[in-house]
**Student:** 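The structure follows.
Heavy-atom basis, side chains included; hydrogens, waters and symmetry copies ignored. All chains are named by letter (A, B, ...) in the order of the sequence lines, taking the proteins before the strands, and each is independently numbered beginning at 1.
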Amino acid sequence: MPQRKSVPEEFAYGQMIDSLCKVGRHNGAAQSQCKPDVITLNTIISGFCRMGRIEEALKIMNDMLMGKFTSPNAVTLTTVICGMLNVGRIREALDLLHKVMPEKGVRPGVVTYNAVLRGIFKLYGESKAIEVFSSMESDGVLANSTTYTIIVDGLCESNQIEEAKRFWDDVIWPSNIHDDFVYAAILKGPCQSGKFNEACNFLYELVDCGVSPNIVNYNILIDRACKLGLKAEACQIVGEMRKTGLTADAVTWRILDKLHGNVGKQVCVSANAQFEEGLQEFYC
DNA sequence: CTAGGGTTAG
């Protein structure tokens, strides 16, 4: 594994800009043409945000807003919003969305909203998040599957499984915008809230509706079954999975392997037989 | 260039 070089603490804003201009001069460009473009600046801002050096990120953004360099775009502001959310400065992050962006005529896209949504769920909870989701819709920004994954995750994390299911029925399924990540979120939620059967039914419904869940989706359920000691159910799910043409992967095996230690604990014989039979089929 | 990722093990 190549070791990632860490950026020295003292490698700060002023120095950064100096080096950018030097690069320009070496290339023989006139100094006025050496100003870093928006992508360069966004990349630097992103780096500062990732290091938690939000002040330096803000400094660049403010210079851009004041007309030094080029104007910030949606990526610039989204990057800073994320940086702020990550350090808990929610108020200021929302100010950027609600004040600075409109003032500067920069329209937030779905990525901006998704970033904000995640932050809002974590820090303000579900009702505020749904508010943001609504304002996103009224803003004419179309949700994507990441949006829906964030919402399902957010609801399930606060144990609102029913809400999540309703959101799936009312919004996600009709939208036809859903992928393996959304399925994973909505399967994992019930599993973690002790509603394993609900999760199973949901998966089978999906398949009935023509969706093809992937191996990770199945692994989530198989893992839960194993953790609950439901060996027969685990086998059953593996069987259903194989019907769809999927085969156990390394993770599935690692999950199933745990069952071996539990053989005979409180598991009925037929379940064991079925399990062994299942194993044999895997080897074919 | 911006979010965002899901299962096992350790």
**Student:** Centres of the A:F121 and A:F133 rings: under 6.0 Å?
**Tutor:**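 Ring centroids of A:F121 and A:F133 are no less than 6.0 Å from each other.
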**Student:** Going by modelled atom types, is there a donor-acceptor pair between the base of B:dT2 and the side chain of A:T78 at under 3.5 Å?
**Tutor:**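 Such a pair is found, so the answer is yes.
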**Student:** Rounded to the nearest 0.5 Å, what's the gap from NZ on A:K104 to CG on A:N73? Could you check?
**Tutor:**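 The CG atom of A:N73 is 13.5 Å from NZ of A:K104, to the nearest 0.5 Å.
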**Student:** Calculate the interatomic distance between A:L77 atom CG and B:dA3 atom C1'; express it in whole Å.
**Tutor:**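 Going from A:L77 (CG) to B:dA3 (C1'), I get 15 Å.
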**Student:** Determine, for nucleotides 4-10 of chain B in 5'-to-3' order, which nucleotides have protein heavy atoms under 4.0 Å from the base (write B), from only the sugar-phosphate (write S), or from neither (write -).
**Tutor:** BBBBBB-
**Student:** Pairing donors with acceptors under 3.5 angstrom, does anything connect the side chains of A:T146 and A:N114?
**Tutor:**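 The answer is no; no qualifying pair exists.
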**Student:** On the 0 to 90° scale, with breaks at 30° and 60°, tag the A:W173-A:H178 ring pair as parallel, tilted or perpendicular.
**Tutor:**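 Ring orientation of A:W173 relative to A:H178: parallel.
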**Student:** Considering only heavy atoms from C-beta outward, does the side chain of A:L97 approach that of A:P108 to under 4.5 Å?
**Tutor:**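 Of all side-chain heavy-atom pairs linking A:P108 with A:L97, at least one is under 4.5 Å.
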**Student:** Can you tell me the distance, in whole Å, between the CD1 atom of A:I60 and the P atom of B:dC1?
**Tutor:**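 For the pair A:I60 CD1 and B:dC1 P, the rounded distance is 18 Å.
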**Student:** Given atom CG of A:L97 and atom C1' of B:dT2, what is their separation to the nearest angstrom?
**Tutor:**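 Computing the A:L97:CG to B:dT2:C1' distance gives 13 Å.
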**Student:** Is it the case that the side chains of A:D179 and A:Y148 hold a donor-acceptor pair, with the cut-off being a distance below 3.5 Å and no angle test?
**Tutor:**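 Short answer, no.
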